[in-house]
Each structure stands twice: as C-alpha cells, then as structure tokens.
Number of protein chains: 2
Amino acid sequence: MIKYQEVARNIRKKILNGEYVAGKQLPLEKEMCVYYGVSRITIKRALDELVKQGLVIKRRGSGTFVKSVEDEDIRELSALRQFTGFSETYKNCKVETTIIKFDIIHPSEEVAAKLQMTVEDFVYNIIRARYADGRPIVVEYTQMPIGLIPGIKRAILEKSIYSYIQKELQLKIQSAHRTLRAVMPNEMEQEYLRIKDTVMPLLEVEQVAFLDDGRPFEYSISRHRGDEIEFKTVSIK
Amino acid sequence: MIKYQEVARNIRKKILNGEYVAGKQLPLEKEMCVYYGVSRITIKRALDELVKQGLVIKRRGSGTFVKSVEDEDIRELSALRQFTGFSETYKNCKVETTIIKFDIIHPSEEVAAKLQMTVEDFVYNIIRARYADGRPIVVEYTQMPIGLIPGIKRAILEKSIYSYIQKELQLKIQSAHRTLRAVMPNEMEQEYLRIKDTVMPLLEVEQVAFLDDGRPFEYSISRHRGDEIEFKTVSIK
DNA sequence: GAGTGGTCTAGACCACCCC
DNA sequence: GGGTGGTCTAGACCACTCG
C-alpha cells in the first residue's frame, strides 16, 4: 500500500535471504528508482527504515552497504515486534499466567503523574506471574486507568492485555518510555519465580506506554529472571 | 547549517523552556513553514526528530502535540548523548579509572565474528574499573582491532577511549548494537566494585559499536553496579 | 466539508569519497 | 572530475479527524 514500506520490505527480504551479501554494496538509489518505479526520496525513506533497523549503513559519496550482523536476534528485533506483550513474544511456547492480584485502587502520586491523572482517579492494579513452557519468566506489576482501558476481566489477564487493547478496544500503541535496572527479588518474587534457594538477579523494566493520541495508558514494572531474559536494542546516531 | 536540525533544536528549546506547554497543540506545519521560511517537508523532518526523541506526538487529522514527560532523564536522553562513553556521562564528577589489564591478544571465534576479523588478527584486550566521585560504578571489558584503532596507550585508557577515537583519530561513531542482562558479579568484580560483603546484582551491557563506514570497532561488556546505573530508552512504533 | 498530517513527485544543488 | 548520498523546494493528492 505505502510505497516506501513496500520497498523497504522487499530490500529487507533480499538481505535476509542472502541475495544482498553482508558487507557488499547495494544497488544505487538511482537504479532502485528505476527498478521500483518510484522517486528517489521514496527509495531514501525505505533505506532509512533499514538503517534504523540496523541492517544497512549508508556512506555519503560511496554508497549503501549491507551491515554485517551475526546476531540473529538483532535482525529479528528489526522486524518491529516492538509493542507486543509477553504472550506474543512467547507465542511458540505454552504460556501460563498466575494472577496474584487484581483490584482497583487510587494511584500513588508518582504513578498518577506518569499517567497524567490525579490521585482521585482509579487504576487497575494487576500483579501477574508469567510462565513459558512451565519455566517461570517474569512477575509483572501493571497499572492502567480504568477510564482509558475499560472492561478488563480475569479472563483477559490470563491471556493478553495487549491483544485486548489492540483487537477488542481498537486502540493503537504509539510508543513506550523504558528504564532498565538490575535488582534482587523480594520474597514474593522468589516464590513465583521459583528461586527460593538460589541467588538470581532480576532484569527490571519500568515502562510508561502511550497510545496513538499521546495519552499514557500503562505504567508497569516487569521483573524478569536474569537467566531467562535479555533485552536488545539498536541505536543509531 | 542544516535547516531541519536548526528548526528541530529551536522547537525543542521552546518545549523545554515551557513556551510550548505539555499536552497542548503546536503551531501547524503550514504556519511553521512561514515562520521559519522553509518548505513543509523540512518542517516535517524537524518534527519527526522530536517524535523520535519522545518529546512530541503527531495525530493525522488533528495536529502535533507536546508529549507529557515527567521524567527529566528522558528529555535529557533525547539530547542525543548516545555514543558518549563513561567519561562524558560523568563529566560533572571526578572520574577515576583503574586499569586492571591491558594487552594484545587474538580474539575468540565469537568476538572475531562480531568484529568481522579472523582469530589470526590482533585486538587490544582492556579491562578497566571506573569510579565517579570515588564511588565504584562499572567494570568494562573492551576489545578493539589494533588495525582500526591504532596507538592506544595507558594514558588514553585512564581518560577516554571515545574521545581519543573521535578527536585524535577523527573517526565517527555511527551505531551500536546492545544486549542488556542482569547478572551476579564474579570475585574480581566484587573486589573492584567493592561489594565483597553484600549481594549486589549487576546490569551487564554487551555492545558491538560501528564506525561511520560500517566497520565494527569495539566489542565490549560493561558490568555496572545495580544501585548506580539505569538504562533508559524511548521506542516509537 | 474543512483542515490536519502522510505520502509522493521531479528536479535542483550540495558535501563528500575516490580515482 | 565523476559519482555517491544529503538536503531542500513547490506542489500535488490522499487518509484521517472533527464539527
């Protein structure tokens, strides 16, 4: 539908299947214009997508080249599974969820500020433990404004909040601000993550997520077993 | 010099000093064209920068709005201090460095692959502990091809490799692929990070960094004290 | 229907790399 | 000097939001 995305997907495919070899030069932008029948700016936008994904690099005066990336996950990551929740990430596993807590409360001042509400308003207060193929992965603490995300029920929590938000409520997720830390588990986390008798560090991800229209709809803290989870990013100047 | 960057900086300034208020609509793209005397595409590119930085959001059919961000660090982060090393990040502190190891070795197969070299080639092998205002922060394991980054000396390691690369060698850093994990310290790290008698998780950052021309020039693992370091990101759909 | 940002074009000139 | 990608323009049409 949208041309630059079509072109980007097409070039991406050629890189991943080896038609364009790592370290080698891509066809010139001018040539691609002819090949795809689009203007040069459209080609540039397509290539800029791939730069953002970490798949190619451009050298002014020289050309565009396939970046050598051995890390399969980085290539995956570029496939923009950005805002999928736990269920989607582990869709090839048997996903189980234990609901530890599910009620409605007033947010703290800090959380109210991050969600742009007052402490008089209400939020869902959800604590869940998540398992993949029987292995404990993460304990998630989630707060969401009940006004923005109505109709949450236990059945939804046992599956995927994200798919409920996107498919049922037809809301679109635009961005997320994340902070990562290394921490130690508390007693409850030790229990649900089954690390009573071992020393296991956790990777904590604090997140504020925003809808399409700029409204923050989720404040969450996820604490992952350090031996199960790693977090990858590509940053470009 | 470059117009869209000028415009982006200007708008950014107005957001940060409160001239454009959080949650409120920015002037229309058309109006900005007149105000800045540039074409609409240039305004769009400027605004897209600010979207990438997490400072504004755009709604097709409605307008462009200032994102409400309480977290000062996110706003800082957007000021693209992306590829500054330890010394720059802590420039307001008294930075000290202990060189634990500094020699030249053959890389392992894994590292050779990531740095696009063979196990026959040579890399610097550097281990350093870094301190800010006397507080231990991180132990860094760094490997760099001697061919790409010649002339590393102890005096450089005690200050900043990054400033040597950029200022002395005039090389430009283009991107970095990072993987974050939560881990426990080994004995040596416990010593240099002064956590002999406490349980302290570490935030590990594994990184492959690339130059302007696409060549990887650094493979490093940094293990930070969990109570000193957090890592922030903004991701946009 | 009026107004917003999103996409796209054809063409121009510039900064940079390499021969 | 010849060729690369980077920036920019003026203008067009489209998709979406909102009254």
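Naming convention: chains lettered A, B, ... in sequence-line order (proteins, then strands); numbering from 1 in each chain.
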ask   = Is A/R59 close enough and on-axis enough to A/F65, meaning under 6.0 Å and within 45°, for cation-pi?
value = yes

query = Is it true that the NZ or CZ of A/K3 lies under 6.0 Å from the centre of A/Y36's six-membered ring and within 45 degrees of the ring axis?
reply = no

Using a cut-off of less than 4.0 Å, is there contact between a side-chain N or O of [X] and OP1 or OP2 of [N]?
{"X": "B/K30", "N": "C/dG5", "result": "no"}
{"X": "B/K58", "N": "C/dG6", "result": "yes"}
{"X": "A/T42", "N": "C/dT9", "result": "yes"}
{"X": "B/Y4", "N": "D/dT7", "result": "yes"}
{"X": "A/K44", "N": "D/dG6", "result": "yes"}
{"X": "B/T64", "N": "C/dG5", "result": "yes"}

task = Side-chain contact test, heavy atoms from C-beta onward, threshold under 4.5 Å: evaluate it for A/I57 versus A/V51 and give yes or no.
result = no

note = Checking A/H177, A/E218, A/E140 against A/Q207 for side chain to side chain donor-acceptor pair (under 3.5 Å), the one that qualifies is A/E218

ask   = Do the charged groups of B/E206 and B/R178 touch, with an N to O distance under 4.0 Å?
value = no

task = For A/Q116 and A/R215, test the side chains for any donor-to-acceptor distance below 3.5 angstrom and give the result as yes or no.
result = no

note = Per-nucleotide protein contact along nucleotides 11-19 of chain C, 5' to 3', at a 4.0 Å heavy-atom cut-off (B base, S sugar-phosphate only, - neither), is -B--BBB--

